[in-house]
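Some notes on the structure that comes next.
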Amino acid sequence: MVERRAKAPEREVRWERMFPDQLEAAFDAVPAVYLTYGLCEPHGPHAALGLDALKAHALAVRAARRHGGIVAPPDFWHVHEIGGYAIWAEREIGEARPWLTAEPPWLHFKRICYHLRAMEVLGFRAAILLSGHYGPNYLDLRTLVELIQGELRLRLYGLPDFEANRPGFPGDGADGDHAGKVETSLLMALEPACVDLGRLPATAAASAEERFAAGADAARSSAEAGRRMAAGIVAWLGEKQRQLLAAYDPERPSRLRTFGDVERFWVRRVKPRLRHFASMQASWYDKPAPDPASRWYANWRPPDDPP
Ligand SMILES: [Zn+2]
């Protein structure tokens, strides 16, 4: 007779679900943190709206279980509705179903500065910022990491998840897509209850409202491909975390310790460059501007003098 044994519960690494003694033991073992970002936006009728942050958070959870570290609460607000994002939304979402949890770049990136200040003061030695949401915002995350790294003892790396999902990895790897077979396969592997391929429209000629921003190849998604991609990304994150921890130096200065420090850093170092951020450009997608009659016109034009 086969003996049935209860599977040991997975080690808890999600900050908000840990007891304080668990959190402190995890911190003592590996003082590294994952900060994950995405937003709720149309990802096809077949995928949960929060795909981007669900995916980034679940990847970080797997990485922390395997390689150590703590996963901060996921952030489901991100850059959209501005510049090329508005143009993308006009074409891919349409006018009828505008389900976004969007915020402007200046708010998003300032909040990240505050998140990093908190991690610095708590004494983390490494932080990986993982964005599940694409468009050019990841270029700005890179810029922000370059600007802020000199102020922090904490070692940083910021990336979109597709950067760790390279061609040549086992599976279908490669560049990120939007609610196509890459993202859908990943979500099938990571959060199976959040995908239902039966909800995809039957024909390729479906309207924008019916497609709800689904990728053209979403029907070719598979959990098995998603599992292979996830394994590659988790290994990549573990290696990056080891590199960051090895680069930690307690002699480095730590200059972002108060809310005032963050505000002064923002005004001095980030604000003068904001106008040049990739996500602050009027058009990086398809055409120069949304149609003035479109709902996506309202927040399209980036301000000349962002706060
Ligand atoms: Zn996505």
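Counting starts at 1 for both ligands and their atoms, following the listed order.
Evaluation of the side chain to side chain contact (heavy atoms under 4.5 Å, CB included) rule for Pro306 yields Trp106, Leu274, Arg275, Met280, Pro303 as partners, not counting sequence neighbours. Qualifying side-chain hydrogen bond (donor to acceptor under 3.5 Å, both in side chains) partners for His46, counting only residues two or more places apart in sequence or in other chains: Thr184.
Near the Zn ion (ligand 1), less than 2.8 Å away, sit the protein N, O or S atoms His43 NE2, Asp52 OD1, Glu183 OE1, Glu183 OE2.
For Glu90 (side chain) and Asp291 (main-chain N/O), a donor-acceptor pair under 3.5 Å exists by modelled atom type.
Salt bridge status for Glu163 with Arg142: present, with a side-chain N to carboxylate O gap under 4.0 Å.
Taking CD of Gln149 as the start and CZ of Arg155 as the end, the distance is 3.5 Å to the nearest 0.5 Å.
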Hey, can you pull the donor-acceptor pairs under 3.5 Å for the side chains in residues 17-27, sequence neighbours left out?
residue : atom : partner : partner atom : Å
Gln22   : OE1  : Phe19   : N            : 2.9

